[in-house]
Amino acid sequence: MKIFKILAVSAMVLGLTSCVSKKQYEALSSNYKQCIENIGERQREIQDLKSQNSALSGENNLLKSQHDALKSSLDACLSNTGKSSANIDKLVGEINASNSYIKQLISSNAKNDSLNLALSNKLKRSLDNVGDDDVQVKVLKGVVMISLSDKMLYKTGDYNILPAAQEVLGKVAKVINDYDKYSVLIEGNTDNAPLSSANLPRDNWDLSALRGTAVAKILQTQFGVDPARITAGGRSEYNPKATNMSVSGRSENRRTEIIIMPKLDEFMKLMDIAPKK
């Protein structure tokens, strides 16, 4: 309304231009221009305020929506308090059962490690006078592994046990019999030099398997190892320990390994103590 009054006054002033002095006219004209500029500024301020009001209305609606969602979640949490408590109790029970299982597992593993170390030490002492190149005893991945060189056990390309090897196998058998709760795995290995014959052994597969079973039979028939504890086989050239590009590497690969480890049923017993879900 104030703006219209100003315009009306300005119009009247313009109408009276001929009745006033030039100086008065210029003053009125200047006031008129200033009024027009003020009107423009006020209009821009009004638009800015409208924009701010629209933005604030949007924020208010968003906050209201978030408030409603939080209230809904709070109501759901409150209604499920009883169920949550039961779930927490169940979870605590499962954690306690798992902790108990872990303790038993650690205890069992520690016991097996101690037995394996004692077995390994006993083997090393009993085989102390045998050359390191011919016999190696290691504890590897929870089992005791005895690696016997082929030159000590057999003639080249043959699987019959040499008489000189009887003493070493007898010492190994004595320790195996002392640890009668352990299983015995015997593996024959070869290098990659081809072997072809119409008679046994026909190839490296035959040679490695026959060497493994030959050692098994000696342990059983001459030294009284229970055959039910023994598994024998061959891995041919496919489990090398060294490169076949050198003489020493091929010699190392032509080995027979006797692996002494806890019986399978011992592992099954260990599995039975796992907490049930």
Side-chain angles (χ1 to χ4, degrees), residues 119-120 123-124 126-127 129-177 179-180 182-264:
L119 191 158
S120 174
L123 277 166
K124 287 178 179 178
S126 65
L127 300 171
N129 62 336
V130 182
D132 290 340
D133 293 338
D134 293 329
V135 180
Q136 296 180 4
V137 180
K138 296 180 180 178
V139 177
L140 183 64
K141 295 183 180 179
V143 301
V144 176
M145 183 177 295
I146 309 165
S147 183
L148 306 174
S149 68
D150 73 319
K151 66 180 181 179
M152 183 188 72
L153 294 175
Y154 328 95
K155 293 181 180 178
T156 301
D158 193 12
Y159 58 90
N160 292 300
I161 305 295
L162 294 171
Q166 300 283 339
E167 181 182 0
V168 172
L169 292 178
K171 291 179 179 180
V172 172
K174 184 178 184 309
V175 176
I176 290 174
N177 286 329
Y179 288 81
D180 58 356
Y182 279 56
S183 293
V184 181
L185 173 62
I186 303 171
E187 292 182 347
N189 294 269
T190 69
D191 58 24
N192 66 347
L195 178 65
S196 180
S197 172
N199 302 315
L200 288 177
R202 291 182 292 267
D203 53 29
N204 282 330
W205 273 116
D206 280 350
L207 180 60
S208 63
L210 288 169
R211 284 182 168 183
T213 55
V215 172
K217 290 175 182 177
I218 292 291
L219 295 178
Q220 175 192 353
T221 59
Q222 296 192 27
F223 302 110
V225 177
D226 182 2
R229 299 171 56 193
I230 300 175
T231 301
R235 303 190 69 174
S236 187
E237 64 193 71
Y238 302 108
N239 186 35
K241 291 181 67 177
T243 176
N244 282 302
M245 301 299 291
S246 66
V247 174
S248 61
R250 290 194 297 273
S251 176
E252 188 174 356
N253 291 335
R254 295 190 303 268
R255 68 199 183 279
T256 298
E257 292 179 339
I258 302 175
I259 302 168
I260 308 171
M261 57 188 176
K263 291 184 178 180
L264 182 60

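In what follows, every heavy atom counts, from backbone to side chain, and hydrogens, waters and symmetry copies are set aside. This is a predicted model, so every value here is computed, not measured.
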Can Leu162 and Leu153 be said to form a side chain to side chain contact (heavy atoms under 4.5 Å, CB included), step by step? CA-CA 5 Å; Leu162 294 171; Leu153 294 175; over 6 Å; no
Under the criterion side chain to side chain contact (heavy atoms under 4.5 Å, CB included), I'd like the reasoning laid out for Val215 against Tyr154: C-alpha separation, chi angles, the key distance, then a yes or no. CA-CA 10 Å; Val215 172; Tyr154 328 95; 3.6 Å; yes
Asn177 and Val175: CA distance, side-chain angles, deciding distance, side chain to side chain contact (heavy atoms under 4.5 Å, CB included) verdict: CA-CA 5 Å; Asn177 286 329; Val175 176; over 6 Å; no
Could you go step by step and tell me if Glu252 and Arg254 meet the side chain to side chain contact (heavy atoms under 4.5 Å, CB included) rule? CA-CA 5 Å; Glu252 188 174 356; Arg254 295 190 303 268; over 6 Å; no
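Side-chain atoms of Ile259 and Glu187, non-hydrogen and from C-beta on, do get closer than 4.5 Å to each other. Within the 4.5 Å cutoff, side-chain heavy atoms of Ile186 are placed close to those of Leu219. Here the side chains of Asn204 and Asp206 are not in contact, with every heavy-atom distance at 4.5 Å or above. Residues Arg235 and Ser208 have side chains not in contact (no heavy-atom distance under 4.5 Å, counting atoms from C-beta outward). Side-chain contact between Arg250 and Thr243: absent, with no pair of heavy atoms (C-beta onward) separated by less than 4.5 Å. Residues Ile176 and Tyr182 are not in side-chain contact: their nearest non-hydrogen atoms beyond the backbone lie 4.5 Å or more apart. Using a 4.5 Å cut-off on side-chain heavy atoms (C-beta onward), Leu200 and Leu210 make contact. The shortest side-chain heavy-atom distance between Asp226 and Arg229 falls under the 4.5 Å cut-off.
Salt-bridge check for Arg255 with Glu257: passed, with a basic side-chain N closer than 4.0 Å to an acidic carboxylate O.
In this structure, the separation between CG on Asn160 and CZ on Arg211 is 10.0 Å, given to the nearest 0.5 Å. To the nearest 0.5 Å, atoms CG (Leu169) and CD (Gln166) are separated by 6.5 Å. If you take CG on Asp158 and CG on Leu207, they are separated by 8.0 Å, rounding to the nearest 0.5 Å. Interatomic distance, CD of Glu237 versus CG of Asn192, reported as 5.5 Å (0.5 Å rounding). To the nearest 0.5 Å, atoms NZ (Lys217) and CD1 (Ile230) are separated by 11.5 Å. Atom-to-atom distance recorded for Asp191:CG and Met245:CE is 12.5 Å, nearest 0.5 angstrom.
No side-chain N or O of Thr213 forms a donor-acceptor pair with one of Tyr159 less than 3.5 Å apart. In the model, Ser149 has a side-chain atom that pairs as donor or acceptor with a side-chain atom of Asp134 under 3.5 Å. Under the 3.5 Å distance criterion, with hydrogens and angles disregarded, a donor-acceptor pair is assigned to the side chains of Asn253 and Asn244.
What you find for Ala173 and Val225 is that their closest heavy atoms are CB-CG2, 4.0 Å. Nearest heavy-atom pair, Ala242 versus Gly249, reported as atom, atom and distance to 0.1 Å: CB-CA, 3.8 Å.
Enclosure of atom NZ in Lys241 by more than 12 non-hydrogen atoms of other residues, nucleotides or ligands within 6.0 angstrom is indicated.
A donor-acceptor pair is defined here as one N or O able to donate and one able to accept, closer than 3.5 Å; such a pair exists between the side chain of Thr190 and the backbone of Ser236.
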